[in-house]
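Numbers for residues simply follow the sequence, beginning at 1.
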Amino acid sequence: MAALKGYGLCSMDSVLHFPCPRPPLQGYKRRSSRWVSPKAAVVPNFHLPMRSLEVKNRTNTDDIKALRVITAIKTPYLPDGRFDLEAYDDLVNIQIQNGVEGVIVGGTTGEGQLMSWDEHIMLIGHTVNCFGGNIKVIGNTGSNSTREAIHATEQGFAVGMHAALHINPYYGKTSMDGLIAHFQSVLHMGPTIIYNVPGR
């Protein structure tokens with residue numbers, strides 16, 4: 001600490017503030033202070049860092065309902081664990097050539113349970129950018145966690161997905177009121193398909 005003091009790091013004027021050695025505490029009275037909750041813990045929706053106001057590929061719910069064939073597309077992987085985007089693009093092109101009107105990206109068939117949220121959003125964005133003019137992109141942004149579902153759905157619509165796929169909380173089960181609250185938190189963002197996994 002003496003070495004640091006020699007460099008002026010203990011000065012209160014310094015940008016860096018390290019604890020300075022003090023003389024022995026004589027007559028020290030501890031100030032009674034009350035703990036104050038951090039701002040993030042008390043501000044509603046503080047946990048949502050991304051709120052996109054951009055309207056990209058905004059689709060009407062009736063347009064999604066009118067789709068005749070929607071495929072849950074597989075997600076091919078390379079041996080090192082990365083997405084094989086070349087093989088993935090070939091799969092999507094085969095769907096388009098055969099009359100499929102929508103694809104579900106990152107669903108259970110597409111190995112969504114193995115993806116991070118960053119990977120989900122990247123693959124949704126890639127699909128929209130490459131094929132969004134020819135096919136509707138439905139991104140799996142559902143989660144057991146309402147907070148994660150909100151965040152992923154915001155990001156999915158921000159990168160241009162046409163609709164979201166949401167699942168009922170199947171692991172941490174909730175009441176009917178809880179289910180309604182879970183879905184109401186995301187339904188206003190855009191067209192949504194609710195995928196029901198019945199309790200066992």
Side-chain angles (χ1 to χ4, degrees), residues 45 47-77 82-170 179-197:
N45 297 327
H47 61 276
L48 302 172
M50 180 177 183
R51 289 216 178 256
S52 175
L53 300 176
E54 177 186 5
V55 175
K56 184 175 181 182
N57 287 342
R58 186 55 77 193
T59 305
N60 189 321
T61 302
D62 291 334
D63 293 339
I64 300 301
K65 286 181 181 179
L67 298 176
R68 294 172 295 154
V69 180
I70 301 171
T71 301
I73 194 84
K74 292 184 77 62
T75 307
Y77 283 83
R82 292 178 297 134
F83 297 148
D84 185 344
L85 291 178
E86 190 174 328
Y88 176 82
D89 291 351
D90 288 343
L91 285 175
V92 177
N93 275 317
I94 289 168
Q95 306 307 307
I96 293 169
Q97 290 165 8
N98 287 285
V100 171
E101 297 175 341
V103 288
I104 294 174
V105 178
T108 309
T109 303
E111 309 292 349
Q113 68 277 12
L114 302 177
M115 295 179 196
S116 70
W117 284 114
D118 289 341
E119 289 172 324
H120 267 278
I121 301 306
M122 185 282 293
L123 193 59
I124 291 167
H126 170 80
T127 310
V128 167
N129 289 332
C130 295
F131 307 103
N134 299 317
I135 199 166
K136 297 295 184 195
V137 178
I138 301 158
N140 174 26
T141 57
S143 173
N144 276 298
S145 163
T146 303
R147 183 186 316 183
E148 284 185 8
I150 292 168
H151 185 67
T153 304
E154 285 180 334
Q155 290 185 326
F157 280 119
V159 299
M161 71 182 182
H162 300 96
L165 176 69
H166 280 277
I167 193 165
N168 56 304
Y170 56 90
L179 277 176
I180 292 168
H182 177 80
F183 290 126
Q184 281 181 338
S185 68
V186 293
L187 288 176
H188 67 278
M189 295 182 198
T192 300
I193 297 172
I194 296 176
Y195 179 36
N196 181 34
V197 176

I need the [X] [atom1] to [Y] [atom2] distance, nearest 0.5 Å.
X: Asn134; Y: Glu101; atom1: CG; atom2: CD; value: 12.0 Å
X: Lys74; Y: Gln95; atom1: NZ; atom2: CD; value: 11.5 Å
X: Ile194; Y: Asn168; atom1: CD1; atom2: CG; value: 9.0 Å
X: Thr153; Y: Met189; atom1: OG1; atom2: CE; value: 5.5 Å
X: Asn140; Y: Ile73; atom1: CG; atom2: CD1; value: 14.0 Å
X: Leu114; Y: Thr108; atom1: CG; atom2: OG1; value: 10.0 Å

Donor-acceptor pair, Thr146 side chain versus Asn144 backbone, under 3.5 Å?
no

Look at the rings of His166 and His182 and say which category their plane angle falls in: under 30° parallel, 30 to 60° tilted, over 60° perpendicular.
perpendicular

Are [X] and [Y] close enough that some pair of their side-chain heavy atoms sits under 4.5 Å apart?
X: Thr75; Y: Met115; answer: yes
X: Val186; Y: Phe157; answer: no
X: Cys130; Y: Val92; answer: no
X: Tyr77; Y: Glu111; answer: yes
X: Leu123; Y: Glu119; answer: no
X: Asn60; Y: Pro191; answer: no

With a 6.0 Å cut-off (strictly less than), is the heavy-atom count around OH of Tyr195, excluding the residue itself, greater than 12?
no

Taking everything shown except Glu86 itself, do over 12 heavy atoms lie less than 6.0 Å from its CD?
no

In sequence, state the C-alpha distance, the side-chain angles, and the governing distance for Ile64 and Thr59, and then conclude on side-chain contact (heavy atoms from CB on, under 4.5 Å).
CA-CA 8 Å; Ile64 300 301; Thr59 305; 3.8 Å; yes

Assess whether side-chain contact (heavy atoms from CB on, under 4.5 Å) is satisfied between Phe183 and Thr192, documenting all intermediate values.
CA-CA 9 Å; Phe183 290 126; Thr192 300; 5.9 Å; no

Stepwise side-chain contact (heavy atoms from CB on, under 4.5 Å) test for His126 and Phe83
CA-CA 11 Å; His126 170 80; Phe83 297 148; over 6 Å; no

Atom of Glu148, atom of Trp117 and distance for their closest heavy-atom approach:
OE1-NE1, 3.0 Å

side-chain contact (heavy atoms from CB on, under 4.5 Å) between Val100 and Leu67, worked out
CA-CA 9 Å; Val100 171; Leu67 298 176; over 6 Å; no

